[in-house]
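By convention here, the first residue in the shown sequence is residue 1.
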Amino acid sequence: MSIKTTTLTGAAGESYVMYKLLRMGYVAGLSPAGAPNSDIIVTSVDGKRTAVIQVKTRNELGSDGGWHMKEKHEKLISKNLFYCFVDLQDNPVVYVLPSGVVARVLKEAHRIWLSTPGRNGRKHKETEMRRLIPDYTQTLNSKNIFLENHSRGWLDKYKENWKILNLD
């Protein structure tokens, strides 16, 4: 996937999340270009409750069905920070997760990956790349990663669960 295609996919995901939020009656706007750690800022109509959203979008299911993340996402934790993981397949779907859940899952999955031998039994090297995947009992980078309570379906409770934003 080219950079241009990746950029357009990201913009499509942000636009889709904005559409969903505005349609639900929230006040939402894109963060300024280059704003760290946020793509969308959303408030309740009365302005008393606010959430910051980072959008991660995919339009192709990779071999693990997940989304690209980075090491920094293990440390971004705030009660008002949420992730919207957008799947732009035929019928778009959004998974809305609190930042604390994302940080914990990424950190634990990466720790397990580092502790398992890589190709030809070699130790995995540290990398900033991470993956949030829908099934942590499947193969991740050629190794089975088992993350308790995160088998197929663990994301289901977050599917279109906009109430997690706590804006009502």
Next on the checklist: Ignoring hydrogens, what is the shortest heavy-atom contact between Leu88 and Gly13? Give both atom names and the distance.
Outcome noted: CD1-N, 4.2 Å
Item to check | Contact summary for Ile77 and Gly100, nearest pair of heavy atoms | outcome: CG2-CA, 3.9 Å
Next on the checklist: Please tell me whether Val42 and Tyr19 are part of a single hydrophobic cluster in this structure, the criterion being side-chain heavy atoms less than 4.5 Å apart.
Outcome noted: yes
Checklist entry - Between the side chain of Gln54 and the main-chain N/O of Asn37, is any donor-acceptor distance below 3.5 Å? => result yes
Next on the checklist: Using 0.5 Å steps for rounding, measure from the CD1 atom of Ile164 to the CG atom of Leu167.
Outcome noted: 11.5 Å
Checklist entry - Are side-chain heavy atoms of Tyr95 and Leu97 found at a separation under 4.5 Å? => result yes
Item to check | Main-chain N/O of Val86 paired to Trp67 side chain as donor or acceptor, under 3.5 Å | outcome: yes
Checklist entry - Is the shortest heavy-atom distance from the side chain of Cys84 to the side chain of Trp162 under 4.5 Å? => result yes
Checklist entry - Taking Ser99 for the side chain and Phe82 for the main chain, is one N or O donor matched with an acceptor at less than 3.5 Å? => result no
Next on the checklist: Run Arg130 and Glu71 through side chain to side chain contact (heavy atoms under 4.5 Å, CB included) and show every step you take.
Outcome noted: CA-CA 6 Å; Arg130 306 288 191 269; Glu71 179 182 17; 3.3 Å; yes
Next on the checklist: Checking Asp39 against Ser31: is there a side-chain donor and acceptor pair closer than 3.5 Å?
Outcome noted: no
Item to check | Trp154 and Tyr158 aromatic ring geometry - parallel, tilted or perpendicular at 30°/60° bounds | outcome: perpendicular
Checklist entry - Would the number of heavy atoms belonging to other residues, nucleotides or ligands and lying under 6.0 Å from NZ of Lys107 be above 12? => result no
Next on the checklist: Run the side chain to side chain contact (heavy atoms under 4.5 Å, CB included) test on His73 and Lys70 for me, step by step, so that the C-alpha distance in whole Å, both residues' side-chain angles and the decisive distance to 0.1 Å come before the verdict.
Outcome noted: CA-CA 6 Å; His73 296 107; Lys70 293 189 176 179; 3.9 Å; yes
Next on the checklist: Here's a test for you: under side-chain hydrogen bond (donor to acceptor under 3.5 Å, both in side chains), which of Glu126, Glu74, His124, Arg131 qualifies with His110?
Outcome noted: Glu126
Item to check | Interatomic distance, Asn59 atom CG to Thr6 atom OG1 [nearest 0.5 angstrom] | outcome: 8.5 Å
Checklist entry - Does NZ in Lys157 sit with more than 12 non-hydrogen atoms of other residues, nucleotides or ligands closer than 6.0 Å? => result no
Checklist entry - Within the distance-only criterion (no hydrogens, no angle test), does the side chain of Asn120 pair as donor or acceptor with the backbone N or O of Arg122 below 3.5 angstrom? => result no
Checklist entry - Judged by atom type as modelled, is there a donor-acceptor pair below 3.5 Å linking the side chain of Arg49 to the main-chain atoms of Asp46? => result no
Item to check | side-chain hydrogen bond (donor to acceptor under 3.5 Å, both in side chains) between Asn80 and Ser78, intermediate numbers included | outcome: CA-CA 5 Å; Asn80 293 332; Ser78 170; 5.0 Å; no
Item to check | Leu132 and Lys56, any side-chain heavy atoms less than 4.5 Å apart | outcome: no
Next on the checklist: With a 4.5 Å cut-off on side-chain heavy atoms, are Glu108 and Ile112 touching?
Outcome noted: yes
Next on the checklist: Please determine whether side chain to side chain contact (heavy atoms under 4.5 Å, CB included) holds for the pair Val45 and Tyr26, giving the CA-CA distance in whole Å, both sets of side-chain angles, and the decisive distance to 0.1 Å.
Outcome noted: CA-CA 6 Å; Val45 175; Tyr26 300 124; 5.8 Å; no
Item to check | Full working for side chain to side chain contact (heavy atoms under 4.5 Å, CB included) between Met18 and Leu22 | outcome: CA-CA 6 Å; Met18 285 283 297; Leu22 293 167; 4.2 Å; yes
Item to check | Cluster check Ile40, Val27: I/L/V/M/F/W/Y, side chain < 4.5 angstrom | outcome: no
Checklist entry - How close do Lys163 and Asp168 get, heavy atom to heavy atom, and via which atoms? => result NZ-OD2, 3.9 Å
Next on the checklist: Consider side chain to side chain contact (heavy atoms under 4.5 Å, CB included). Of Val96, Leu81, Leu21, which one does Ile53 pass it with?
Outcome noted: Leu21
Item to check | Pair Glu160-Lys20, salt bridge (charged side-chain N to carboxylate O under 4.0 Å, His left out): steps then yes or no | outcome: CA-CA 10 Å; Glu160 302 294 341; Lys20 298 284 278 188; 3.3 Å; yes
Checklist entry - Under a single-linkage definition using a 4.5 Å side-chain heavy-atom cutoff for Ile, Leu, Val, Met, Phe, Trp and Tyr, are Ile41 and Val17 assigned to the same hydrophobic cluster? => result no
Item to check | Sub-4.5 Å side-chain heavy-atom contact between Thr57 and Val55 | outcome: yes
Next on the checklist: Assigning hydrophobic clusters by single linkage (Ile, Leu, Val, Met, Phe, Trp, Tyr; side-chain heavy-atom cutoff under 4.5 Å), is Leu165 placed with Met24?
Outcome noted: yes
Item to check | Non-hydrogen side-chain atoms of Met69 and Met129 separated by less than 4.5 Å | outcome: no
